[in-house]
Structures are given as C-alpha cells and as structure tokens.
Amino acid sequence: MRKYKMCYKCQLKPVYEFTNKRRVCKTCYIRWFEKKVLYTIRKFNLLKKGDIVGYSQKNDFRSVVLEAILKMLAKNGRIEVMKLDSSLVHKKEGGLKITKLAVPSTTDLESYQVVSEILYGDIENLNRLKPLDKKTIKPLYLFLDKEVELYANLRGLDFKRYKKQKDKVSSFIDELEKSHPEIKRSIINGLFE
Ligand SMILES: [Zn+2]
C-alpha cells in the first residue's frame, strides 16, 4: 500500500496539495507556478513587448521569487528588467526609464488590504488594489504566500525569513482560512465582479 497519495500527473512524491485535493510533485509544481504567472500577466495585461520593468531587490521570499520570475521573462527578450535602488523606488518615477514597476504582492497581502479598506478605509481605494494600477504590476497577485514560499524553497532561492506582521485584519482572515481555505481568493475575486 502507498503511504502517500502521489502527484496526479506523474505519480511521484507530492510536495503540495491544492484545495481541490490534487497533489503535485516538485517538477509539476514549478511548472504549474510558472504557467500561472504567465496566465496572470495575460489575463490582466500586465506587460507588453518592450516594457522596461523596474523592481526593488529585497531578501524576503516574495521579493526573491518576483526577481526570479522577472528574469525568466526577460530571458525571452520581450521585456527588460531593471533593479532599482530602494531609495529610487519611493521617489516619483519621473527620472527613471522604467515603463512598469513590479511589486511582490500576493493574494494574502491583497486580501488583507481589501478587507482593511472596507472596514477602516475608503471603498474608492479598492480600485488601486488590482493587479495593474497605472504603471504598477503585481505578477504574484494570484498566489498565496505559502505557494510563493514553496516555489522559493523548491527552486533553492536564497531568502531571509521574517516574522509575519500580524494585525487584527490579517489575524482574522488567517483564522477564517482554516475553515474556509478559499477565503483569500474569494476576497480578491470580489474586486472583479
Ligand atoms: Zn508530477
């Protein structure tokens, strides 16, 4: 008898189980992740040929994955990427030659922000919480934090672990997620309905 339920595609040992109970092995997970990034870019029109995409280099798991993904995209020559000095990122983009600014935001962070805006902020701001806002793009928008972190681990990317910043809203949503595993995706999907 098998100890694990195996990868649904190739019957190897699984590294992840989706909420629909499908399990995938390392190779299939990496392939799924990279295809989903491309899907996100197409679905939300995040990039066009010739874009110069700036990003800020940091050492948390989201930032190292964003950098790896941007470099993967630059390899096919349709876009260029530019590492920005972090002091430049906060200035107005006036002097920079970038056409897009990529930020490492995930479904987790976006769902916290949506709920915070609804509870304490301004509904008008919800429009800014989309994967494309003027020049800002969020290629990791459709991924949960745990999915981004797993990708970083499986690809052997070097990152530093920081303690998660908790506040009332994020604690509440994380708690809800235990009984409603799709809650974060549902919250951000609400923006598009
Ligand atoms: Zn597999």
Side-chain angles (χ1 to χ4, degrees), residues 19 33 36-48 51-67 69-70 73 79 81-149 151 159 161-193:
T19 48
F33 191 97
K36 188 161 173 169
V37 171
L38 297 177
Y39 166 80
T40 308
I41 290 169
R42 269 200 320 271
K43 180 177 168 75
F44 301 112
N45 269 316
L46 301 190
L47 292 172
K48 58 181 198 299
D51 264 337
I52 302 171
V53 184
Y55 68 97
S56 125
Q57 191 185 36
K58 294 194 186 128
N59 61 359
D60 61 284
F61 69 90
R62 300 184 194 101
S63 299
V64 299
V65 169
L66 179 68
E67 182 177 38
I69 288 296
L70 290 174
L73 294 169
I79 61 159
V81 295
M82 190 186 272
K83 199 185 297 174
L84 302 175
D85 188 296
S86 59
S87 62
L88 285 176
V89 177
H90 300 291
K91 282 188 194 161
K92 282 278 170 222
E93 297 124 14
L96 295 171
K97 283 193 186 128
I98 59 168
T99 55
K100 298 276 165 62
L101 175 67
V103 295
S105 196
T106 56
T107 296
D108 288 61
L109 298 182
E110 293 292 323
S111 67
Y112 303 152
Q113 285 220 50
V114 168
V115 174
S116 294
E117 286 295 348
I118 291 170
L119 291 177
Y120 310 114
D122 188 343
I123 303 273
E124 298 279 304
N125 289 339
L126 289 177
N127 257 332
R128 299 211 329 264
L129 298 178
K130 289 191 172 173
L132 172 69
D133 175 37
K134 296 185 187 119
K135 275 175 143 186
T136 303
I137 59 169
K138 301 168 186 168
L140 304 177
Y141 187 84
L142 295 180
F143 294 99
L144 296 170
D145 273 347
K146 63 177 178 183
E147 293 169 339
V148 175
E149 190 167 355
Y151 180 82
F159 63 93
R161 280 164 219 275
Y162 295 97
K163 206 167 180 289
K164 196 173 171 180
Q165 302 274 354
K166 284 268 180 188
D167 60 19
K168 253 202 239 167
V169 169
S170 60
S171 307
F172 170 68
I173 296 172
D174 286 351
E175 196 52 41
L176 261 180
E177 191 184 33
K178 290 176 188 161
S179 48
H180 300 82
E182 288 288 328
I183 186 78
K184 290 170 180 164
R185 296 192 216 274
S186 304
I187 291 169
I188 63 164
N189 283 340
L191 284 184
F192 301 99
E193 278 155 12

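Keep in mind that this is a model prediction, so the values were computed, not measured.
Taking all atoms of both residues into account, the shortest heavy-atom contact from Ile173 to Ile183 is O-CG2, 4.2 Å. The two residues Ala102 and Leu70 come nearest to each other via the heavy atoms CB-CD1, 3.9 Å. Here the shortest heavy-atom pairing between Gln165 and Ser170 reads O-OG, 3.9 Å. Considering all non-hydrogen atoms of both residues, Pro139 and Val103 come closest at CD-O, 4.0 Å. Closest approach of Ile98 and Lys135 over heavy atoms only: O-NZ, 3.2 Å. Of all heavy-atom pairs spanning Lys48 and Lys100, the tightest one is N-NZ, 4.2 Å.
Here Phe61 contributes atom CZ and Leu140 contributes atom CG; the two are 9.5 Å apart, rounded to the nearest 0.5 Å. With values rounded to the nearest 0.5 angstrom, Ile188 atom CD1 is found 10.5 Å from Leu129 atom CG. Considering CG of Leu73 and CG of Leu46, their distance stands at 10.0 Å, rounded to 0.5 Å. For the atom pair CD (Glu149) and OG1 (Thr106), the distance works out to 11.0 Å, reported to the nearest 0.5 Å. Within the model, atoms CG of Leu47 and CG of Leu38 stand 10.0 Å from one another, a figure rounded to the nearest 0.5 Å. In this structure, CG on Leu142 lies 14.5 Å from NZ on Lys184, to the nearest 0.5 angstrom.
Taking the ring axis of Phe143 as reference, the NZ or CZ atom of Lys36 stays within 45° of it and closer than 6.0 Å to the ring centre.
Here the side chains of Phe159 and Val65 are not in contact, with every heavy-atom distance at 4.5 Å or above.
Judged purely by atom type and a 3.5 angstrom limit, Thr107 uses its side chain to pair as donor or acceptor with the backbone of Tyr141. Judged by distance alone, the side chain of Thr99 and the main-chain N or O of Ile52 form a donor-acceptor pair under 3.5 Å. Asp108 places a side-chain N or O within 3.5 Å of a backbone atom of Asp145 that can act as its donor or acceptor partner. One N or O on the side chain of Lys138 and one on the backbone of Lys130 form a donor-acceptor pair closer than 3.5 Å.
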Step-by-step side-chain hydrogen bond (donor to acceptor under 3.5 Å, both in side chains) determination, Thr136 to Asp133: CA-CA 5 Å; Thr136 303; Asp133 175 37; 5.3 Å; no

Check against side chain to side chain contact (heavy atoms under 4.5 Å, CB included), Leu191 and Glu110: CA-CA 11 Å; Leu191 284 184; Glu110 293 292 323; 5.7 Å; no

Anything under 3.5 Å between a donor and an acceptor, one on a side chain of residues 116-124, the other on a protein residue two or more places apart or in another chain? List them.
residue	atom	partner	partner atom	Å
Ser116	OG	Tyr112	O	3.0
Glu117	OE1	Asp122	N	3.0
Glu117	OE1	Asn125	ND2	3.2
Asp122	OD1	Glu124	N	3.0

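With 3.5 Å as the limit, one finds a donor-acceptor pair spanning the side chains of Glu67 and Tyr55.
Contact check on Glu147 versus Arg185 returns a salt bridge, with a Lys/Arg side-chain nitrogen under 4.0 Å from an Asp/Glu carboxylate oxygen.
Atom NZ of Lys164 has more than 12 heavy atoms from other residues, nucleotides or ligands within 6.0 Å.
The only member of Ile79, Ile137, Val81 that meets side chain to side chain contact (heavy atoms under 4.5 Å, CB included) when paired with Asp51 is Ile79.
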